[in-house]
J.: 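The following block contains the structure, expressed as structure tokens.
Model, not experiment: these values are computed from the prediction. Here is the naming used below: chain letters follow the sequence lines, and residue numbers restart at 1 for every chain.
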Protein chains: 2
Amino acid sequence: MTTERSKSDLTRTRILDAAARTFRQKGYAATTLNEIASAADMQAGSLYYHFGSKDELLEEVLDIGANKVNDAIKESQERLPPEATHRERIRAAVDAHLTMLLKHCDYTSANISIFAQIPEEIQQRHLPKRDALAAQWRRILTRAQKAGALRDDVDLSMVRMLLLGALNWSVEWYKPGKTSIPAMADHICLMLLDGIGSKSSTRRNTEGRAAEVA
Amino acid sequence: MTTERSKSDLTRTRILDAAARTFRQKGYAATTLNEIASAADMQAGSLYYHFGSKDELLEEVLDIGANKVNDAIKESQERLPPEATHRERIRAAVDAHLTMLLKHCDYTSANISIFAQIPEEIQQRHLPKRDALAAQWRRILTRAQKAGALRDDVDLSMVRMLLLGALNWSVEWYKPGKTSIPAMADHICLMLLDGIGSKSSTRRNTEGRAAEVA
DNA sequence: GTCTATATTCAGATAGAC
DNA sequence: GTCTATCTGAATATAGAC
């Protein structure tokens, strides 16, 4: 087992990188093999030396993307000291998830953003990988709740869906430079754990319409 | 001005319904005019009597979807009494947004789920409609913050993105019957305003790894 | 391994009969 | 208004030269 890579492997990676980036930008069906090939500096026909079909390319992109975010979250938890608070654990997972989604990793963002619009057969085959990610989040939240760090009257699976929604949707609006990932993680944890309502949030709006902002 | 509809208008609507549903399910590029026509009980060629092109059909679906959710949120606010709390206002907007997205309205869910993967030129032309929705949410949150119902140290535009993310992502996982929209709205408002952390959420996890759940 | 050339299929779109 | 038939272009995929 060596870390050395054959020339063929490097080309494969170049193609996969190009495919992930293009899939993410334009979607699966709208991406042509010509675009992928051109982004990888080759001709469309040459792709078939490395991959059997467009679907095969897609499946490998999906798998890599899922593995990367799964690994990142796993490592984020292992990196914490055993005495870390559950707030710290959640915050670390949020940060890892966002970092994979928004930095470095077209594979993960491609996976997240095109999954709903790929052929159903491929979705089915990929479900186990998605379940593994869900299971990690479920475990983090369940441990927190059992330890008393989360209210015990909330539906954790709904909380998980809403939380992952807030995270995953960021691929639709995040612009590097305009927002920082740590700031996002802070806001997520603040909302999730503390809420952003002040004590007066249930007070009657006695000024009524007069409070309207022009 | 009459509510009567010509036969042609009814057919147009039938086609638009079919298009919205199919776009939502399979994405824009992967949807063929044959599928839309077949879902509308006609032949592909006949579509061109009613619409000039596939793009034109898409643009009309997008517009209708945006209008429906915009109107629903507007009405949700107008329906409230002037003395309603800001919590009630936010809750009503969340409910309206989710209801449009998940019930009755393939147009809104199509708009939300395919927008990122349609031709860029069409995205650009549709931006004003999206901005109108953003503006409504911005106004609801800003008024709440100015009235002291929301902490004044949070970045409202980030909060808005995260909140809308949690809402919009529900098109990816919501299954009618399995979850109720009011329950979702409750959880959203609880997380957003109160947080789901208990007071012990920052306590050290003194049991360390022993707390692990099998 | 990558190229060029091409087979094949199928999409969006048009024309004219009814 | 809708049909059938068809044009045209483009996409996936293959074959064989280099």
J.: Nearest whole angstrom, please: distance from the P of dT12(D) to the CG of Leu33(A).
T.: 4 Å
J.: Just compare dG1(D), dC3(D), dT4(C) and give me whichever is closest to any side-chain atom of Gln43(A).
T.: dT4(C)
J.: Does dC3(D) have OP1 or OP2 sitting under 4.0 Å from an N or O in the side chain of Ser46(B)?
T.: yes
J.: How many whole angstroms separate atom CG of Asn34(A) from atom P of dC3(C)?
T.: 12 Å
J.: Taking OP1 and OP2 of dT2(D), is either one under 4.0 Å from a side-chain nitrogen or oxygen of Thr11(B)?
T.: yes
J.: In whole angstrom, give the distance that lies between atom CD1 of Ile15(B) and atom C1' of dG1(D).
T.: 10 Å
J.: May I have the distance from Tyr49(A) (atom OH) to dG16(D) (atom P), rounded to whole angstrom?
T.: 18 Å
J.: To the side chain of Lys54(A), which of dC3(D), dA13(D), dT14(C) is closest?
T.: dA13(D)
J.: Under 4.0 Å between a side-chain nitrogen and a carboxylate oxygen: does that hold for Arg87(B) and Asp194(B)?
T.: yes
J.: Provide, to the nearest angstrom, the distance between the CG atom belonging to Leu57(A) and the P atom belonging to dA11(D).
T.: 16 Å
J.: Do Lys103(B)'s NZ or CZ and the ring of Tyr174(B) fall within the cation-pi criteria of under 6.0 Å and 45°?
T.: no
J.: Are Arg91(A) and Asp95(A) ion-paired here, with the side-chain N under 4.0 Å from a carboxylate O?
T.: yes
J.: Whole-Å distance between dG1(C) P and Asp41(A) CG?
T.: 18 Å
J.: Between C1' on dA11(C) and OH on Tyr28(B), what's the gap in Å once rounded to a whole number?
T.: 12 Å
J.: Just by distance, no angles: are the side chains of Asp155(B) and Ser157(B) close enough, under 3.5 Å, to form a donor-acceptor pair?
T.: yes
J.: Does a nitrogen or oxygen in the side chain of Tyr48(B) sit under 4.0 Å from OP1 or OP2 of dA13(C)?
T.: yes
